[in-house]
Amino acid sequence: MTRLIRQGYNGQVTNWMGVRSVLTTIGNISAHVGEKVKLGVWLYNRRSSGKIQFLQLRDGTGMIQGVMVKSQVSPETWEQAADLTQESSLYIEGTVREDERSPSGFEMDVTGIEVIQTAEEYPIALKEHGVEFLMDHRHLWIRSPRQRSILRIRAEIIRAMQDWLNGEGFTLVDPPVLTPSSCEGTTNLFHTKYFDEDAYLTQSGQLYMEAAAMALGRVYSFGPTFRAEKSKTRRHLIEFWMIEPEMAFVDHEENLRIQERMVAHVVQHILQHCRDELKVLKRDTSALEKVKAPFPRITYDEAVHLLNREGMEFSWGEDFGAPHETKIAESFDKPVFITHYPTGTKAFYMKPDPERSEVVLCDDLIAPEGYGEVVGGSQRIDDPRLLEERFQQHQLSQEAYEWYMDLRKYGSVPHSGFGLGLERTVAWICGLDHVRETIPFPRMLNRLYP
RNA sequence: UCCUCCGUAGCUCAAUGGUAGAGCGGCCGGCUGUUAACCGGUAGGUUGUAGGUUCGAGUCCUACCGGAGGAGCCA
């Protein structure tokens with residue numbers, strides 16, 4: 001029944017072709033066995049054997065096969081169906097029937113159709129295509145069963161994260177997209193004009209979320225971020241979405257517990273609620289079943305030893321590259337936290353470990369199966385004097401960050417937060433080999449269309 | 001920014017330096033249980049662009065344009 005409520009409208013009675021029928025969706029079809037129903041659909045594929053036609057129909061909620069027998073419909077209806085091209089839009093009426101021969105378990109005996117539009121020759125054939133061609137036709141590609149499944153899982157991941165955070169007492173706060181300067185000072189920003197001033201598209205809402213945490217306690221943001229990096233890999237997008245929680249009175253240790261509980265919740269939620277979609281994607285779910293809190297933790301020091309033991313050259317003080325992350329992840333069957341990175345490899349706002357000032361109280365969460373870093377978090381500096389020192393070391397403008405410094409002047413408290421990259425999380429849970437399929441219209445190096 | 005690879009029909013790909021082809025899709029016809037259905041017929045090309053080598057270039061060379069994968073950077 002949850003599925004019934006979730007997927008589309010149902011029960012609208014229409015008077016059509018002289019017969020009362022129920023306008024419903026394919027997602028709800030199991031509730032209408034033996035009944036006459038009407039569906040608004042697109043033709044995915046058609047097969048014919050002279051006196052019988054099989055219409056593969058989709059409506060966004062699922063796929064069903066309509067069976068039309070020549071002797072049981074009017075010659076006009078038969079001809080109309082025979083002339084349908086791929087992706088033509090139509091209303092279709094028929095009786096729902098259970099059938100063992102159908103992959104979904106249901107079929108429709110078609111009694112009538114009403115063509116809305118006969119589609120022009122559809123560019124995407126039911127066969128393999130190259131990446132460039134598919135990306136040029138992304139607006140049509142998302143109609144395919146595989147892309148539909150990914151986008152549904154993406155939406156469900158977002159919902160699971162927001163539900164979990166809301167249930168834990170977090171408040172949604174929206175940081176600005178247009179900002180006066182860099183949030184972290186490292187990556188290349190998207191420059192734009194703000195009337196007579198310079199402005200940049202946000203690369204992280206974190207600093208604003210720290211302000212929000214001082215106002216509302218536990219907060220999170222969810223929105224797009226922008227990096228003008230010339231990165232061309234399967235893990236990078238120019239525009240991507242992040243969830244960024246920030247919590248007052250939370251230290252490094254509790255920060256990790258919140259991260260692992262949230263990630264585990266999301267994975268288990270998808271396993272429960274997106275079985276059909278994961279099946280379409282042929283995702284091996286056994287690896288996902290294991291994703292339950294707590295997650296293993298290793299320090300940066302231990303990770304360096306692990307890499308050296310595995311025969312990789314790596315010295316203390318460097319940052320991990322993709323091959324290093326993969327090697328570390330291979331040693332665990334769950335996501336693994338790497339904590340306590342050298343201060344020099346991380347952002348200016350991270351709090352040093354009180355017992356070892358050369359490392360900071362931070363964590364990267366590395367997903368299994370080579371999907372790399374999906375979460376990065378840290379406890380933030382709360383001492384105004386240390387923060388001022390960091391500004392000088394990183395040559396950041398005191399003036400631009402005056403408001404951020406104020407947070408340490410007026411009731412500074414220990415606080416922590418993290419950012420989860422949505423697209424990498426979707427790629428991992430769906431088992432995809434590239435993040436370009438995880439977002440409806442990816443913005444990449446050399447791609448701003450469609 | 002750097003490294004490696006690839007650009008041939010609408011799509012996916014073939015073609016020793018010697019007459020540019022197949023499958024799918026389109027169109028026409030056949031088939032009463034098809035699962036990217038199948039069978040027969042048919043149309044479809046300035047081989048990414050510009051130069052060069054050669055009797056002759058899709059094929060070899062140079063530059064440019066476009067794409068893919070990776071590095072760095074990052075989530």
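Proteins come first, then strands; the chains are lettered A, B, ... in the order of their sequence lines, and each starts at number 1.
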### Message
How many whole angstroms separate atom CD of A:Gln203 from atom C1' of B:C73?
### Response
12 Å
### Query
Atom CD1 of A:Ile243 to atom P of B:A75: distance rounded to whole Å?
16 Å
### Query
With a non-hydrogen cut-off below 4.0 angstrom, is A:Gly372 in contact with a base, only sugar-phosphate, or nothing?
nothing
### Message
Whole angstroms only, please: what is the CZ-C1' distance between A:Arg443 and B:C74?
### Response
20 Å
### Message
Nearest to the side chain of A:Ser71, heavy atoms from C-beta on, is which of B:C24, B:U34, B:U32?
### Response
B:U32
### Message
Could you check whether the side chain of A:Glu107 and the base of B:G33 have a donor-acceptor pair of N or O atoms closer than 3.5 Å, going by distance alone?
### Response
yes
### Task
Please confirm whether any donor atom in the side chain of A:Arg47 sits under 3.5 Å from an acceptor in the base of B:C31, or the reverse.
no
### Query
Nearest to the side chain of A:Gln65 - B:A71, B:C31, B:G33?
B:G33
### Task
Describe the nucleic acid contact of A:Phe240 in one word from base, sugar-phosphate, nothing, applying a heavy-atom distance below 4.0 Å.
base
### Task
May I ask you to say whether A:Arg380 pairs ionically with A:Glu246, meaning some side-chain N is under 4.0 Å from a carboxylate O?
yes
### Query
Counting side-chain heavy atoms from C-beta on, which of B:G33, B:A75, B:G69 comes nearest to A:Met242?
B:A75
### Task
Describe the nucleic acid contact of A:Pro323 in one word from base, sugar-phosphate, nothing, applying a heavy-atom distance below 4.0 Å.
sugar-phosphate
#### Entry: Closest-nucleotide 5' rank along RNA chain B - winner of A:His434 and A:Val69
A:Val69
### Nucleotide B:G66, atom C1' - distance to CZ of A:Phe133 in whole Å
16 Å
#### Entry: Nucleotide nearest A:Lys51 when distance is taken to its side chain, options B:C27, B:G33, B:U32
B:U32
### Query
Please give, in whole Å, the distance from B:C73 P to A:Lys232 NZ?
19 Å
### Task
Quickly work out the A:Arg436 CZ to B:G70 C1' distance and round it to whole Å.
13 Å
### Query
Hey, is the side chain of A:His129 pairing donor to acceptor with the base of B:C11 inside 3.5 Å?
no
### Message
Measure CZ/A:Arg46 against C1'/B:C27 and give the value in whole Å, please.
### Response
13 Å
### Task
State whether the distance check finds a donor on one side and an acceptor on the other, under 3.5 Å, for side chain A:Ser231 versus base B:C74.
no
### Task
Return the nearest nucleotide to the side chain of A:Glu132; candidates are B:U32, B:A75, B:G66.
B:G66
### Task
Indicate, with a heavy-atom threshold strictly under 4.0 Å, whether A:Ser48 touches base, sugar-phosphate, or nothing.
base
### Query
Atom CD of A:Glu373 to atom P of B:A75: distance rounded to whole Å?
6 Å
### Task
For A:Leu237, answer base if it contacts any base atom (sugar-phosphate contacts may also be present), sugar-phosphate if it contacts only those atoms, and nothing otherwise; contact means non-hydrogen atoms under 4.0 Å.
base
### Task
Using a 4.0 Å heavy-atom cut-off across all strands, classify A:Asp364 as base, sugar-phosphate, or nothing.
nothing
